[in-house]
Each structure stands twice: as structure tokens, then as C-alpha cells.
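Computed from a prediction, not measured in an experiment: that's the story for all the values here. Letters A, B, ... mirror the listed sequences (proteins, then strands); counts begin at 1.
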Number of protein chains: 2
Amino acid sequence: MNFNTITIKDIATALNLSVSTVSKALRDSYEISEKTKKLVNDYAREHNYRPNPIAQSLKQGNSKSIGIVVSTIENQFFSQVINGIESVAYKAGFNVIITQTHESYDLEVKNVEHLTHRSIDGLLISLSTETHDLGHLKRLNELGLPIVFFDRITDEIETHKVISDNFKGGYDATRHLLDGGYRRIAHITSPPNISITRERFAGYKKAMEEAGITIPDEYIKHCPHGGRDVGEIEKALNELLLLKNKPDAILTTSDRITTTSLFLLNKLGIKIPQEMAIVGFTNTMLADVLSPSLSSVYQPGFEMGQKATELLLNLILSKRPVYEFETMVLPTQLVTRRSTSPKN
Amino acid sequence: MNFNTITIKDIATALNLSVSTVSKALRDSYEISEKTKKLVNDYAREHNYRPNPIAQSLKQGNSKSIGIVVSTIENQFFSQVINGIESVAYKAGFNVIITQTHESYDLEVKNVEHLTHRSIDGLLISLSTETHDLGHLKRLNELGLPIVFFDRITDEIETHKVISDNFKGGYDATRHLLDGGYRRIAHITSPPNISITRERFAGYKKAMEEAGITIPDEYIKHCPHGGRDVGEIEKALNELLLLKNKPDAILTTSDRITTTSLFLLNKLGIKIPQEMAIVGFTNTMLADVLSPSLSSVYQPGFEMGQKATELLLNLILSKRPVYEFETMVLPTQLVTRRSTSPKN
DNA sequence: TTGAAAGCGGTACCAC
DNA sequence: GTGGTACCGCTTTCAA
């Protein structure tokens with residue numbers, strides 16, 4: 001149903017004008033006399049006229065709106081990104097449509113389809129953990145849909161990308177543990193197909209190598225859905241705890257894996273950091289208030305949303321096709337707290 | 001831009017049929033021969049045809065999508081509600097469009113306008129703290145737009161509503177404090193114009209009355225934006241701490257007010273619960289892991305989203321106008337933890 | 001069984 | 001300066 005009180009046609013009838021005249025008057029065309037413009041605009045204002053953007057986009061081929069795909073808005077990092085996106089988009093007169101994949105490839109495909117059908121002018125996307133095949137996005141990219149990837153990106157499509165410095169985040173966190181005297185550092189993370197997993201792992205590995213430590217294979221645990229299900233985190237943690245060569249510290253990635261690991265360790269009665277230190281990627285504002293306070297790698301979510309949107313708007317508003325793309329890397333921030341206090 | 005590879009017209013041209021025939025074939029009309037149907041459907045499948053829902057909704061006057069308005073998705077409660085909404089909506093073949101007011105009346109009006117223009121079939125809304133005037137929603141309601149309120153509702157519009165048992169939540173939490181020996185119980189909450197504030201206050205008041213305690217006026221602190229800004233929470237808390245007759249416990253409402261209060265108390269070095277007990281409404285999954293673990297009133301967010309959507313779909317799909325409305329009240333759950341351990 | 005044409009709400013080209 | 005009209009993609013009478 002259409003709940004706009006009034007259409008351009010109604011105005012035309014009421015003022016005894018043609019629709020085209022009304023349309024032009026509303027768009028402040030030079031062709032229309034000031035008198036008519038005033039007449040039309042006054043009437044429109046009084047009757048609370050609003051153009052129907054669906055009709056407009058059908059006609060004009062643009063919609064002044066951008067689509068967003070994230071894994072889940074429950075994740076503080078993503079809700080901060082979305083706030084950043086909105087702050088820039090609204091200022092430029094664009095609306096946003098938010099969708100969630102819940103880490104499902106099928107839902108990602110469905111959402112992207114839904115968004116393009118709703119006639120978006122551009123797409124901001126962070127890939128789901130299940131996504132291997134990028135066909136759905138490649139097709140759109142080739143058709144000319146402006147796309148900007150953020151957070152979880154891909155090499156297979158050339159366009160603007162915005163990430164945080166995951167390598168450095170992983171490196172700094174690991175270095176911090178090493179400096180505190182921890183040597184047996186395990187890593188619970190997302191599946192290796194998504195970019196952030198590989199980047200953070202690389203940082204972790206580098207720091208370990210520099211310390212002359214070989215990482216046992218069984219120290220690396222992947223959660224197939226990036227921690228969506230408690231079970232996968234529980235499994236990873238239990239396996240680590242059962243190792244002969246039990247780790248004395250864990251580096252976790254993603255909000256969910258980090259906070260859930262903390263929860264589980266507490267539940268098991270394991271003393272943090274004496275028996276097990278923990279540092280993780282998370283954007284929760286509660287790191288300070290956790291028990292114990294949680295050392296964490298913070299990503300600039302809001303800024304990431306802003307930057308990604310600025311780049312996307314550039315693509316959308318560019319008169320000519322763009323062939324030069326950039327990958328913007330934003331700094332992460334390690335905040336050390338009690339969960340990683342130095343040994344002894 | 002339209003990034004659908006192919007339109008109904010393309011199919012018509014390719015198969016040497018008329019658009020109307022193709023349209024009917026795709027909709028499996030009895031008028032069309034099986035042979036033609038097969039021809040059309042095969043071609044459509046091969047070429048990955050998807051109808052353009054914008055054009056459809058322009059024509060049909062419905063869009064198979066529902067609009068959502070919440071204050072902020074950063075709030076765990078609301079992201080849980082949204083997940084509940086999606087779970088029901090998707091199953092019924094409806095899409096959802098999520099918008100945030102950030103507790104601003106202006107944004108609420110703008111979002112509602114944007115949603116109705118995008119041709120939604122129904123609206124799910126939780127009012128912003130700034131909203132006093134309901135004109136924008138009354139108008140739509142009178143025009144026949146199905147609306148279901150949840151969480152922060154209003155008496156001024158008659159329709160389905162879903163809330164949690166805020167009275168009982170407030171009552172139980174207060175009762176729990178009283179049972180623990182706390183008597184000077186303060187209350188930091190949202191502004192009184194929104195329903196949840198009044199309902200929770202009523203429960204708190206009832207419990208205090210039953211205990212024969214008169215609540216000093218200065219024990220009631222309202223955060224104008226429901227805790228959106230840290231400053232307003234800080235101010236409320238500081239004022240309480242400076243009172244001669246300093247409270248020994250606080251009941252907080254909303255995720256933000258609750259967790260921020262905990263943070264601030266910790267920061268000030270105030271011992272919880274010895275110097276100040278705290279219990280609050282929050283849906284964070286971290287209540288257990290906080291320092292100290294936080295007694296909290298949990299609201300069934302996911303279920304609320306589900307119920308609200310079911311009611312909305314009833315309204316949307318109903319053949320005849322609906323005149324009987326219900327207000328569904330879902331149970332809250334008090335989980336007691338260390339932040340409210342009994343005195344002594 | 002199939003097709004022509006109108007129309008949803010706008011925009012824009014082209015006449016007058 | 002104003003109006004007629006075609007069109008965006010699709011659905012739906014009404015004719016053929």
C-alpha cells in the first residue's frame with residue numbers, strides 16, 4: 001500500500017496544471033515561472049507532499065540508498081561500523097538498508113539479491129565465514145555496481161577496501177603476551193578462508209617466530225562460524241585445555257570468541273591470568289568491567305564505516321569509470337588489562 | 001541503476017511472446033498453456049531472471065517487506081528483537097528494513113517517512129525517548145498502515161502491542177534488594193514519557209511501599225536520552241553519591257545505563273555491593289563475566305521480536321479491517337548475582 | 001490461449 | 001512558460 005497522502009497528479013488536478021509542469025516546478029526548473037513554482041510549492045508543502053522514491057528510482061535508475069551486508073548486528077564491532085556508515089550516508093542524502101548473513105553463504109546471496117533488486121546505488125559488504133565462492137558479487141561488480149569491502153575482504157574482486165591493521169593487531173597482542181613471560185600461546189580464531197583470520201594469524205606467527213618459538217599445530221583452533229555458536233568455542237577451548245603441552249595464554253579473534261572464552265574459562269574455575277592469560281579482538285565497551293578486566297585489540301569500527309562509505313560514495317558519484325582502487329588500513333589499538341598481567 | 005540482468009521484456013522478445021504472456025506464465029496463470037509456461041520458465045531459470053520487486057510493489061501496492069524502527073542496534077536487547085523479527089518475517093516471505101532513531105524525534109519521523117515511501121506493508125516500532133507527539137504515526141495508522149508497537153509503546157494509538165513485564169521486572173529487582181537488606185534504593189532510568197520508564201518505576205514503587213519505605217524524590221534520576229550519552233549517567237550517579245542520605249543500592253533500566261553505571265562505580269573505586277549494590281535491566285550476555293557479576297533483569301528480546309512480527313503479519317494479511325487489539329506481555333527474568341549479595 | 005494497452009508515480013523530451 | 005507523452009518493469013483487465 002501507498003501511504004503517501006498525495007501524488008504529483010493530485011497537485012496537478014487541484015491546481016489545474018499538467019503533471020509535467022508540477023514535476024518541473026517541484027524540481028525548480030528554469031522553464032517554470034516563479035508564480036507557478038510558488039503556487040505548486042505552497043500547495044505541496046501544505047499537503048505534505050513527498051515524492052515517491054520508488055517511482056523515482058524506477059524512472060531514474062538510482063535510488064539514493066546503499067546496501068549493507070554484515071554477519072550480525074549483535075556484534076558490537078559491526079553495529080559501530082553501521083553507525084559510521086549512517087553518519088556519512090545521511091549527510092550525503094543517502095539511505096541505508098541493513099542486512100545480516102548470520103555467517104550463512106545462502107543468506108549472503110539472498111541479501112545481496114534483495115538489495116540489488118531494491119535498487120541500491122552501491123554495496124558495503126563484509127563477507128560471511130561460509131563464503132568461498134564470490135560469483136554473486138563478481139557478477140554485480142562486472143555489471144558496474146559500486147562495491148566496497150570492509151573488514152572481511154577478498155582478493156578476487158578489484159575495488160576499494162577498508163580493513164583494520166589485523167596483522168599489527170595480532171602481532172602486538174602476541175608480543176604483549178611474550179613480553180609478559182607467556183610462551184605457550186594458543187590461538188582461537190575464525191575459519192582460514194576469511195581475510196581477517198589470515199591477517200591476524202600472520203601477525204601472531206611473526207611475533208612467535210621473532211621470539212624463536214615454533215607454534216604447535218594443535219595450538220591453532222578454527223571456529224567454523226567465527227564463534228556464532230557457543231559449542232564451537234567450547235570445543236576449541238576444551239581441546240586446548242586437554243593438551244599435554246597445555247597453553248599458558250590464548251589469543252582470540254572476534255567479539256564473540258573473545259568474550260565467550262572468558263566466560264568459559266571463568267566457568268571452569270580457571271584462574272586468569274595465572275593459569276591462562278587471554279587477550280582478544282573485541283569492541284565491547286565492557287572490557288574494563290569484565291572479570292578480570294580484559295586486554296583487548298580494539299578496531300576503529302565507526303571510522304571504518306565512515307571511510308568505507310566515503311569511498312563508496314566516490315564510486316557512485318564518479319562521472320567516469322574508476323580503475324584505481326585503494327585498500328585503506330586503519331590502526332588497531334591494543335589496550336592491556338589484567339587478563340594478561342605479566343607472569344610472576 | 002538496475003543490476004538485474006534481465007527483465008520480463010527481454011524474455012518476451014527472446015521467445016517472441018508478449019510481455020503479458022510472459023508475466024502470466026511466470027505467475028503460473030491458468031490462462032497459459034503448459035507448453036508456453038515451460039518455455040518461459042526454462043528460459044527465465046537459465047538466464048537467472050528475478051522480478052524487480054520495486055516495479056512489482058509500485059504496481060501492486062504491496063512490497064512484502066516490513067519496516068523496523070528502534071533506538072539503536074548497539075543495544076543488545078534491540079539486536080535480539082531484530083533477530084526475532086527476521087526469523088518470523090523471512091519464513092513468511094517478508095523482507096525487513098532496519099532503521100535507528102538514536103533517540104532523536106526528528107530521526108524517528110524521517111525514518112518512518114522513508115520507510116513508508118519505500119512502500120512497506122507494515123511497521124514495527126519502539127518509540128524514541130524524545131518522542132512526545134505521535135502525529136506522524138497517528139496519520140499512518142488512520143491511513144490504514146498496520147503498526148505494531150513493542151517495548152516502548154503508547155496509549156494514544158490503538159493497535160497490537162508487545163512488551164515485557166516491566167512492572168514485575170522492576171518489582172522483582174527491588175524486592176530482591178529489599179530482601180538482601182538494602183533499604184535506600186535509588187533508581188536511574190529513562191525519561192518518564194516513555195512507557196517502560198513508568199512501568200518499571202511502578203514496580204519499584206510498589207515494592208518499596210510494601211516494605212513501608214518512602215522514596216525520597218532525589219532518589220529518582222532520569223537520563224533524558226535513556227543513557228545514550230555517558231555524561232547523563234555520570235551526572236545522575238554523581239548526584240546520588242553526593243546525597244547526605246546516600247543510597248545503598250541502585251536499580252537501573254536499559255542496557256546502557258546499567259553497564260555504564262557499573263563501569264563508573266568501579267572507576268570511582270566504590271565497592272560493589274558493600275558500598276553500593278546494583279541491579280539493572282540488561283540483555284548483555286556478559287552479565288556473568290562482569291566484575292562483580294551483575295544481577296540483572298533480562299527481557300525476552302528474541303521472543304518479543306517474534307511475537308510482534310506474528311501480530312503484524314496478522315494485520316497485514318487480514319482480509320478485513322481489524323478492530324480488536326491485544327497487548328501481549330512477556331515475562332522478564334531476574335537473575336541474581338554478586339552485585340546484589342545480601343548485606344553482611 | 002495469447003496479446004494490446006492502461007496504469008502504478010514519477011521524469012524528461014519535444015511540441016506548442 | 002506550459003502541456004502532451006513515452007517510459008522505467010511489472011500486473012491485470014479486456015479483446016482477439
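Counting any heavy atom pair closer than 4.0 Å across all strands shown, A:S23 reaches a base atom. Across all strands, B:T36 comes closer than 4.0 Å only to sugar-phosphate atoms, never to a base (heavy-atom distances).
When side chains are defined from C-beta on, A:R228 does not count as touching A:S71, because their heavy atoms never get closer than 4.5 Å. Side-chain contact between A:I66 and A:I316 is present, with heavy atoms from C-beta onward closer than 4.5 Å. Contact check for A:Y90 versus A:N95: side-chain heavy atoms found under the 4.5 Å cut-off. A 4.5 Å side-chain heavy-atom check between B:H102 and A:N83 finds at least one atom pair inside the cut-off.
When atom types are taken as modelled, the side chain of A:N193 and the backbone of A:E130 share no donor-acceptor pair closer than 3.5 angstrom.
With distances taken from any side-chain atom of B:I8 to the nucleotides D:dT2, D:dT11, C:dG9, the minimum falls on D:dT11. Nearest nucleotide to the A:Q56 side chain, out of C:dG9, D:dC10, C:dT11: C:dT11.
Using a 4.0 Å cut-off, no side-chain N or O of B:Y49 falls inside it from OP1 or OP2 of D:dG9.
Going from atom CZ of B:R27 over to atom P of C:dT2 covers 18 Å, rounded to whole Å. Between A:L39 atom CG and D:dG3 atom P the separation is 11 Å, expressed in whole Å. A straight line from CG of A:L26 to P of D:dT2 spans 14 Å, rounded to a whole angstrom. Summarising the geometry, the separation between NZ on A:K9 and P on C:dG7 is reported as 7 Å, rounded to the nearest angstrom. B:I11 has its CD1 atom 12 Å from the C1' atom of D:dG9, to the nearest Å. What separates CZ of B:R50 from C1' of D:dC10 is a distance of 16 Å, to the nearest Å. Here the C1' atom of nucleotide D:dG9 and the CG atom of B:D10 are 10 Å apart, to the nearest Å. As a whole-Å value, the separation of A:Y30 OH from C:dA12 C1' is 11 Å.
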Distances under 3.5 Å between protein N/O atoms and the N/O atoms of nucleotides 3-6 of chain C, please, pair by pair.
unit_1	atom_1	unit_2	atom_2	d
C:dG3	OP2	B:S18	N	3.2
C:dG3	OP2	B:T21	OG1	2.6
C:dG3	N7	B:S20	OG	3.4
C:dG3	O6	B:K24	NZ	2.2
C:dA4	N7	B:S20	OG	3.2
C:dA4	N6	B:S20	OG	3.3

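Atom CG of A:L26 sits about 5.5 Å away from atom CG of A:N41, to the nearest 0.5 Å.
Using a 4.0 Å cut-off between a side-chain N of Lys or Arg and a carboxylate O of Asp or Glu, A:E113 and A:R139 do not qualify as a salt bridge.
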